[in-house]
Amino acid sequence: MPAVVPFDPPPDSDAAVFAAARREFLFPTNIAYCQTGTLGASPREVVSALVEGIQNLERDLPDWGYLQSDGEPLTGYQPLTDFRAEASAFLNAPATEIAFTQNATMGMSFLANGLDLAAGDEVVSTDQEHPGGIDGWKLLAKRRGVVVKELPLLPALKEGPDGVVKLFDSAITRRTRVVMFSQITSSLGIRLPARELCALAKQRGALDRILEVTASLA
Ligand SMILES: Cc1ncc(COP(=O)(O)O)c(C=O)c1O
């Protein structure tokens with residue numbers, strides 16, 4: 001039997017960078033695991049930080065005052081200004097517009113329920129959205145008669161990114177208030193032309209352009 005030659009990519013190559021990154025994950029090395037969302041694997045550094053954080057919390061609890069220095073009770077709803085500043089630099093968005101939510105579903109549901117949509121207002125999206133992204137809008141359809149258009153994405157892909165832009169273009173009307181889509185879809189990993197779709201929505205006057213980047217950031 002021929003000997004298995006271990007793959008040894010040249011240093012500084014992309015392959016070497018990916019091989020080094022792969023070693024940071026705890027699941028067995030013979031498995032290719034592509035989920036980057038809810039069940040996305042965390043690298044060692046993140047796992048260690050989480051474990052360390054919980055240990056520190058449990059150790060230091062007796063020293064925590066119920067009231068903070070500003071007199072407010074320690075509710076867990078602190079402004080977390082430093083973390084928001086870091087996130088804002090990474091996302092290129094104002095820190096005042098950054099909110100930390102428990103997960104993507106909660107964030108998307110806040111957005112849907114925070115907008116003042118009425119019967120007949122339209123939300124234009126695709127049929128490839130994760131329930132966590134689309135269900136908040138579907139709830140508005142049930143409760144308030146908002147119209148959710150789930151455009152069939154797969155046939156449009158035959159024409160590549162232009163086909164996707166055309167699909168949205170043909171679905172947006174004067175009643176469209178929201179254009180919402182995932183930059184990378186959850187189950188098939190389709191990358192949508194986010195820049196072009198946001199520009200289209202702006203040009204066509206959709207008031208709210210909501211780009212879900214759960215799988216892109218994970
Ligand atoms: C595009 C997309 N939206 C939403 C979710 C749900 O994320 P969460 O579990 O953080 O609410 C996922 C999870 O995989 C996702 O891929």
Side-chain angles (χ1 to χ4, degrees), residues 21-22 24-27 31-47 49-51 53-54 76-77 80 83-84 86-88 90-93 97-115 117 122-143 146 148-157 160-161 163-165 167-168 171-172 176-201 206 208-218:
R22 178 65 188 82
E24 291 304 309
F25 291 88
L26 304 178
F27 56 86
I31 291 178
Y33 184 64
C34 301
Q35 159 73 287
T36 59
T38 314
L39 295 178
S42 300
R44 246 169 250 284
E45 194 181 339
V46 172
V47 176
L50 281 171
V51 171
I54 291 170
Y77 293 102
L80 301 174
F83 294 120
R84 284 164 68 197
E86 257 186 66
S88 96
F90 177 63
L91 295 169
N92 195 22
E97 292 186 11
I98 302 279
F100 292 121
T101 57
Q102 281 170 13
N103 56 21
T105 303
M106 189 183 244
M108 292 300 290
S109 300
F110 278 160
L111 288 175
N113 286 282
L115 294 176
L117 298 186
E122 293 172 359
V123 176
V124 173
S125 190
T126 81
D127 64 355
Q128 295 294 313
E129 301 304 320
H130 188 283
I134 195 81
D135 279 1
W137 310 102
K138 287 186 173 174
L139 188 63
L140 294 186
K142 279 192 185 162
R143 285 190 176 157
V146 168
V148 180
K149 294 182 173 173
E150 295 175 83
L151 309 179
L153 185 60
L154 302 187
L157 294 176
V164 178
V165 176
L167 179 71
F168 275 76
I172 295 173
T176 303
R177 292 275 323 267
V178 174
V179 171
M180 176 264 149
F181 59 93
S182 304
Q183 183 180 23
I184 296 180
T185 66
S186 174
S187 54
L188 295 176
I190 302 161
R191 195 170 102 190
L192 272 72
R195 192 182 295 274
E196 292 78 1
L197 290 179
C198 288
L200 170 76
D208 299 292
R209 300 172 293 281
I210 298 177
L211 170 62
E212 209 208 321
V213 292
T214 313
S216 327
L217 290 179

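Count residues from 1 along the sequence. We count ligands from 1, going down the list as the structure has it; atoms in each ligand are counted the same way.
Heavy atoms of other residues, nucleotides or ligands lying less than 6.0 angstrom from CZ of F83 number 12 at most.
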For residues 188-195, run the donor-acceptor check on the side chains, cut-off 3.5 Å, and write out each pair with its distance to 0.1 Å, sequence neighbours left out.
none

Side chain to side chain donor-acceptor pair (under 3.5 Å) between E129 and S182: does it pass, once the steps are laid out? CA-CA 7 Å; E129 301 304 320; S182 304; 2.6 Å; yes
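The residue from E129, H130, Q183 that puts a heavy atom closest to atom 12 (C) of ligand 1 is H130.
The proximity of S182 to ligand 1, defined as any non-hydrogen pair under 4.0 Å, is limited to the side chain.
Of the N or O atoms in A104, one or more lie within a sub-3.5 Å distance of an N or O in ligand 1.
Side-chain contact between L151 and F181 is absent, with no heavy atoms from C-beta onward closer than 4.5 Å.
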